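Notes for the one structure printed next.
Computation of the quantities below employed the complete heavy-atom set of this structure, encompassing side-chain atoms and omitting hydrogens, waters and symmetry-equivalent molecules. In this text the structure is predicted, and so the values were computed from the model without any measurement.
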Amino acid sequence: MAGGSSSDTRTRARSGVFARVARSAAHAVHSLLRTVGRRIRRATHAHGAGESGLAKLIELHAVNSAGDMLITIALASTIFFSVPTDEARGRVALYLGVTMAPFILLAPVIGPLLDRVPHGRRAAMAGALLLRGVLALVLASAVAGGGTLELYPAALGVMVCSKAYNIVRAAVVPRLLPRTISLVKANARITLTGLISAGAAAPVGAGLNVIGERLPLYAACLITFAGAVLSFRLPGKVDLARGERTLHLAELAETREAMAREKDDGGRGGVLRAEGSPVFKALVANASLRALSGFLLFFLAFLLRGDALPGLTAAFSLGLVGVAAGTGNALGNLLGNLLRERSPELILLGTLTLALIASASAALAYNAFTVVGVSASAGICQALAKLSLDALIQRDVPEVVRTSAFARSETAVQMSWVAGGAIGIGLPLHGSLGMGMACLLVLLGVVGSGRALLSASRRGGAHPRVR
């Protein structure tokens, strides 16, 4: 009896210790989450972003980016990594073909529609997120049944919703801009937060994918539904249409020739194509850099699966260039956040120069160092160039057609990305040849926009806020 009592006592003592340890661990995790949450909130609300409402848009974009990452992980495991290289090239080519459709739809339909319904911006973002969540469920069903028929149309719908959200989000930024933050910095803060959120969601999605292929898609559905709710937390001024017509008339007097082109063109991007427009030249530079990014992604993905970088394994080579590109993209957005008063035209010139030097170096001396360098440079340059283009559109394009301008610009740069990816899939898998092609893509951007951007940067000075 005494032995039994002693054993029970020891068991209860151990249980008590375990309970205390569990409570301490739970308290530590809770304290850590609260601390991280406070710091994130402090960062998103800094420099007047909390008072203007920009912080709520930043938080919404973080939720959107996490959902995007989960869907990307699910699709990547289905389309790319689960099949041999030759078959994967065919599947990815089909996927690229599917990606072209959203951008063809965006410019002539979604942008002008949203321009005509400015008071529905919050509802438009919420609707895009809700529909994407539903389509994530459709994708989950297609993955479970192994059906390609449902997979690609659902993936198409997901991309349309994602791009529609991003277009409205970009058009909303000027209405939520604090007085102490430039457009480039605001765009950088939003994008950087999205990248951090996507990075945090990536290991979660990978872990869920190991347990079950459909789980990342179910999680994406829940997250995007939450984002739809958060859309309505944005300030009411996002939807406020008052004053837009007056602004349109004032802008029309200042940009009569450009707006006449817009009218003659049936609303199909005349402002963007106005002669000598910094926006158009920025679009050319962005198209070149986005083509470079798409080319490197697909060319190196297939090249390094069978022909690793010198001295490295195939898996390590793929991981290395992937980390370099992702780190470069994050660094580009961080730099955009720090370059407070720099001219967007000057930033674009810098990105073209950096990309040209990196790609030329890799073409002349193909090795692990130069390939990692061009991957990182492409990430930095793509991020900074997109921030600068968004800032120029927000600065120079009248608000009444600004959403259409974003749709047109998004169409152009994404189609360039698709074109670059198509070249990467079709080009013979030879390292130096591929890097030479990368250099050529950047050189086209330098020739098409370099001189005009240099002239504009000399005239412009510091980066202005919205007119």
Non-hydrogen side-chain atoms of I190 and L54 separated by less than 4.5 Å: yes
Side chain to side chain, L215 and N209, heavy atoms closer than 4.5 Å: no
Nearest-0.5 Å distance, CG of residue L331 to CD1 of residue I380: 4.5 Å
N329 and Q382, any side-chain heavy atoms less than 4.5 Å apart: yes
Contact summary for A412 and L283, nearest pair of heavy atoms: CB-CD1, 3.9 Å
From CZ (R175) to NZ (K237), nearest 0.5 Å: 9.5 Å
Any side-chain heavy-atom pair of F299 and I423 under 4.5 Å: no
Among V158, I71, L130, side-chain contact (heavy atoms from CB on, under 4.5 Å) partner for L135: V158
Shortest non-hydrogen separation from S377 to A358 and the atoms involved: OG-CB, 3.5 Å
Smallest separation among heavy atoms of A285 and L348, with atom names: CB-CD2, 4.2 Å
Residues in salt bridge (charged side-chain N to carboxylate O under 4.0 Å, His left out) contact with R290, at least two apart in sequence or another chain: none
Among R169, R132, E59, side chain to side chain donor-acceptor pair (under 3.5 Å) partner for N64: R132
Closest approach of V279 to L389 (non-hydrogen atoms, all atoms of both residues): O-CD1, 3.9 Å
G227 backbone acceptor or donor facing S231 side chain under 3.5 Å: yes
Any V204 side-chain heavy atom under 4.5 Å of M69 side chain: no
Salt bridge (Lys or Arg N to Asp or Glu O under 4.0 Å) contacts touching residues 376-390 (sequence neighbours left out): K386-D390, K386-E410
With C161, the side-chain contact (heavy atoms from CB on, under 4.5 Å) member among T224, L131, L129: L131
Partner residues of A438 under the side chain to side chain contact (heavy atoms under 4.5 Å, CB included) criterion, sequence neighbours left out: L292, F295, L296, S359
Separation of L352 CG from L453 CG (nearest 0.5 Å): 7.0 Å
Polar side-chain atom of N286 near backbone of A385 as donor-acceptor pair, under 3.5 Å: yes
S197 (side chain) donor-acceptor with A62 (main chain) under 3.5 angstrom: yes
Side chains of S52 and L177 in contact at under 4.5 Å (non-hydrogen atoms): no
I223: partners by side chain to side chain contact (heavy atoms under 4.5 Å, CB included), with sequence neighbours left out: V63, A66, L70
With S162 via side-chain hydrogen bond (donor to acceptor under 3.5 Å, both in side chains) - residues at least two apart: D68
S288 side-chain N/O to L441 backbone N/O, donor-acceptor pair under 3.5 Å: yes
Considering all heavy atoms, the nearest F232-R122 contact: O-NH1, 3.6 Å
Distance in Å, T191 OG1 paired with L334 CG, rounded so as to fall on 0.5 Å steps: 12.0 Å
Shortest non-hydrogen contact from A74 toward P216: CB-CB, 4.3 Å
Donor-acceptor pair, side chain of T193 and main chain of R189, under 3.5 angstrom: yes
Ionic contact status for E345 with K281, cut-off 4.0 Å: no
Under the side chain to side chain contact (heavy atoms under 4.5 Å, CB included) test, residues paired with L137 that sit two or more places apart: Y218, C221
